[in-house]
Amino acid sequence: MKKAKIAVLVSGGGTNLQALIDAAGRGELPHGEFSVVISNKPGVFALERAAKAGIATCVVERKAFADKPSFEAELLKKLKEYDIDMIILAGFMLVLSADFVKNFPDRIINVHPALIPSFCGDGFYGLHVHEAALAYGVKVTGATVHFVNEVTDGGKIILQKAVEIQEGDTPETLQKRVMEQAEWIILPQAAEKVAAQIVG
Ligand code: GAR
C-alpha cells in the first residue's frame, strides 16, 4: 500500500509523538510512515522517543537563524530532503508563517489542547491553555486536531474530543487528563484520516 511520508515536528516531551508511534505499532496508521522527527529545540525527550522507534531525527533551532524566514527556509529544505507529504505538529510550540504554510495546503495538522474556538490563538499553548480554561471556569474542555492555515489555530477542524473538568483540577492534572482522554486518541486517528486522503 502507498504510504504518506510524514514529518512530526516537536518541541518538548513528545507524548503525542509517542501516541503516534504506538498507534502505528498497533497497525492503526496503515496509510502513513514516519520519515523524520524535527525539533526546534536540542536535547528534548521527543528526540529520544523518535530514535528509540528507529525514526530519523534532526534539530532546526530558531535561534540559530537571524530571522523567521531563514529558519523556515531551513525547515523547508529538511522537509524536501525527506520528500515529505504530510506534517504533524505534535507539541510544536512555534507558529508557522503564512508563507511557510502555503507550501503544504491541507497537509499540516496540529493538536491543540482545548475545544477550538475556545482557548486558542496566539499565546495559547501548553499549560497556558489549561490555566485559561480553569480561570474561565468552563466545566468541559478537550482537544482538537485541525489543519494548519495562516490563522493561528484557525484551520478546518478534523476531530475533537471533550473532557470533563473535575473539582480541584490544577493546570497540570487537567493537562494530563486532556492528553490521556483526548489528544493521544484523536491525533493518531486524524493522522490516519489525512494520510489516507493524501495517498488515496
Ligand atoms: C500538548 O498538550 C499539545 O496539545 C500542546 O502542548 C503539549 C505538548 O505535549 N500543544 C500546543 O499547545 C500547541 N499550541 P507533548 O510534547 O507531550 O506532546
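Bear in mind the structure is a predicted one, so any value in this text is a computation, not a measurement. Remember, it's 1-based here, ligands and their atoms both numbered in the order they're listed.
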Evaluate [X] for polar contact with ligand 1, using N/O atom pairs at a separation under 3.5 Å.
| X | result |
| --- | --- |
| N16 | yes |
| N110 | no |
| V129 | no |

From V111, L89, V10 - option closest to atom 13 (C) of ligand 1 by heavy atom: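 Looking at heavy atoms only, the winner is V111.
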Salt bridge flag under 4.0 Å for residues E180 and K176: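 K176 and E180: salt-bridged.
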D85 and K5 ion-paired at < 4.0 Å: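 No salt bridge links D85 with K5.
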Linked, directly or transitively: I116 and I186 (ILVMFWY side chains, under 4.5 Å):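 No, no single cluster joins them.
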Same apolar cluster: V37 and V194, side chain cutoff 4.5 Å: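 Same cluster: V37 reaches V194 through Ile, Leu, Val, Met, Phe, Trp or Tyr contacts under 4.5 Å.
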Residue, atom name and distance, where the atom is the protein heavy atom closest to [atom]:
| atom | result |
| --- | --- |
| atom 12 (O) of ligand 1 | G126 N, 2.7 Å |
| atom 4 (O) of ligand 1 | E183 OE1, 2.6 Å |
| atom 9 (O) of ligand 1 | M179 CE, 3.3 Å |
| atom 8 (C) of ligand 1 | G91 CA, 3.6 Å |

H112 neighbourhood, listing ligand 1 atoms whose heavy-atom distance to it stays under 4.0 Å: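 Counting from 1, the qualifying ligand atoms are 14 (N).
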Y125 neighbourhood, listing ligand 1 atoms whose heavy-atom distance to it stays under 4.0 Å: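 Answer for ligand 1: 12 (O), 14 (N).
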Any donor-acceptor N/O pair, Q160 side chain to V145 backbone, under 3.5 Å: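 Not at all, since once roles are kept as given, no pair shorter than 3.5 Å links the two residues.
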Sidechain-backbone polar pair: R177 side chain, A182 backbone, donor-acceptor under 3.5 Å: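 The answer is no, because no donor-acceptor pair under 3.5 Å joins these two groups.
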Contact with ligand 1 for G14, non-hydrogen, under 4.0 angstrom: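 Yes.
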Ligand 1 contact by M93, heavy-atom criterion under 4.0 angstrom: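 Under 4.0 Å: yes for M93.
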Aromatic plane relationship, F119 with F124 - under 30° parallel, 30 to 60° tilted, over 60° perpendicular: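 Tilted, since the angle between the ring planes falls between 30° and 60°.
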Enclosure of E164 CD (heavy-atom neighbours >12, cutoff 6.0 Å):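 Atom CD in E164 is not crowded, with 12 or fewer foreign heavy atoms closer than 6.0 Å.
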